[in-house]
Amino acid sequence: MIGLLARREITSQEVTHSVLKRIDAVEDRIKAYVTVTRDEAAVMAAEADRKISSGQFSPLTGIPVAIKDNMCTRGIVTTCSSKILRNFVPPYESAVTSRLKESGYVLTGKTNLDEFAMGSSTENSGFHTTRNPWDTGRIPGGSSGGSAAAVAADECIAALGSDTGGSIRQPASLCGVVGLKPTYGRVSRYGLVAFASSLDQIGPITKNVRDSAILLNLIAGRDPRDSTSAPHPVPDFTAVLGREIKGLRVGIPKEYFIEGMDREVDAAVRAAIRQLETLGAIPVEVSLPHTGHAVATYYVLATSEASSNLARYDGVKYGIRTEGKDLLEMYVKSRSEGFGPEVKRRIMLGTYTLSSGYYDAYYKKAQQVRTLIMRDFEEAFKKADVIATPTSPTPAFRLGEKTEDPLQMYLADIFTISVNLAGVPGISIPCGFTSENLPIGLQLIGRHFDEETILRVSYAYEQSQEWSKRRPSL
Ligand code: GLN
């Protein structure tokens with residue numbers, strides 16, 4: 001696509017028009033978007049075509065991209081799929097979308113998510129559930145389910161998601177696309193609505209590995225407006241694509257291939273590891289001994305941080321207000337009506353774990369376990385250059401299958417959560433299909449700030465397979 005635009009064989013307005021037509025054709029069945037920005041897209045596409053004809057363009061100029069609806073877009077409603085923000089129009093642009101704007105991208109719209117990014121299926125959206133393009137009776141994963149489904153259903157060329165415990169990688173895996181969570185600090189979180197600030201990170205969801213590297217090139221780098229964004233130099237992530245992977249050590253954590261995992265997922269991931277071996281990589285067994293504690297640790301830390309971050313939605317500063325007879329009643333009514341059940345559950349859990357008397361038992365303990373999980377990765381990366389695991393223990397599940405049981409839902413992230421706790425980068429790439437034609441994802445985890453190696457291995461694998469070429473029939 002990028003080549004076609006640069007050679008002017010096709011214009012951005014034509015590409016954008018065809019994407020909008022595709023949205024018209026399938027969006028009723030997929031519901032990937034909260035807002036489709038048709039008018040803005042038309043203006044941006046015309047502007048991109050002007051840039052391209054004047055010879056000033058980057059690889060993203062004129063490309064239709066969808067943005068998860070928890071990243072602020074100036075003048076365009078940004079809801080976080082929450083009723084409490086349904087009328088919130090940000091007066092400023094997030095760092096990532098500012099970067100994309102400078103490069104001349106075309107915004108197709110804001111995609112659906114689990115409310116405030118809390119969930120694994122988009123069923124917690126305050127508006128509607130997104131459907132999996134491979135089987136519309138199933139969930140697309142979450143919380144960036146709208147972004148992943150939009151990419152898979154060709155309702156955009158690429159998208160941005162955010163990942164706190166798996167929200168880019170798990171939906172990418174379940175929708176058969178590529179999802180990259182960069183190292184914590186690699187990408188500025190300025191203008192990303194905060195869920196759990198020590199874990200949140202923004203990254204690309206794309207149809208292939210090259211597009212992922214292109215997008216990461218644009219969004220990575222230090223930003224003085226986010227003090228957690230890192231000063232590390234940003235390499236050209238496309239430069240490593242095509243380099244061979246001979247001699248690279250691929251760690252296989254024994255704790256990740258466990259009893260109870262879906263049989264077809266297990267088989268596909270093992271086959272993918274064998275394929276990496278065929279390409280010259282060397283498999284080595286590694287151990288991440290504290291894996292069993294990751295989900296519990298995450299749910300203490302993430303809910304604690306969320307309870308604090310979400311305190312700002314009080315009916316005064318942002319979003320909707322429900323009037324009451326006094327200030328307190330106004331707060332209570334605004335929050336009771338504005339937040340959905342999962343968000344309330346997490347605020348209560350987080351408030352509890354932070355309260356005096358429980359702080360040491362829960363929050364402090366969880367921080368200590370987080371340190372152990374980080375050390376597990378440090379040890380494992382002495383033996384391995386990348387770590388390979390399944391992304392999700394199962395393929396996409398049916399709508400409603402886990403909504404009654406939050407614990408079952410939380411376990412959907414068992415393989416992705418430790419990566420956020422350790423702050424290391426992880427990518428999910430397609431590595432097969434089940435007998436019911438549902439996509440399966442392979443997760444590759446790298447050292448801090450070494451997105452290059454996971455992109456390089458992903459690209460080598462992708463080029464040796466046909467998985468990324470399959471499309472859902474809609
Ligand atoms: N599914 C996890 C949760 O519910 C992770 C969500 C995310 O990464 N934003 O918290």
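Every number for a ligand or one of its atoms is a count from 1 in the order of the listing. Computed from a prediction, not measured in an experiment: that's the story for all the values here. Heavy-atom basis, side chains included; hydrogens, waters and symmetry copies ignored.
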### Summary
Contacts of Tyr299 meeting ring-ring contact (aromatic ring centres under 6.0 Å, His included) (sequence neighbours excluded), chain-then-number -> Tyr410

### Task
Please identify each residue that fulfils ring-ring contact (aromatic ring centres under 6.0 Å, His included) with Phe381, with sequence neighbours left out.
none

## Note on the structure
Sequence neighbours excluded, the answer for salt bridge (charged side-chain N to carboxylate O under 4.0 Å, His left out) partners of Asp385 is Arg249, Arg447

### Task
Fit a plane to each ring of Phe116 and Tyr313, take the angle between them on a 0 to 90° scale, and name the class: parallel (under 30°), tilted (30 to 60°) or perpendicular (over 60°).
tilted

### Distance, nearest 0.5 Å, that separates CG of Asn132 from CZ of Arg138
8.5 Å

### Message
So if I only count non-hydrogen atoms and take anything under 4.0 Å from ligand 1, which residues does that give, chain by chain?
### Response
Ala117, Met118, Gly119, Ser120, Ser143, Asp163, Thr164, Gly165, Gly166, Ser167, Phe195, Tyr298, Tyr299, Arg346, Asp413

### Message
Parallel, tilted or perpendicular, judged at 30° and 60°: which one describes the rings of Tyr298 and Phe195?
### Response
perpendicular

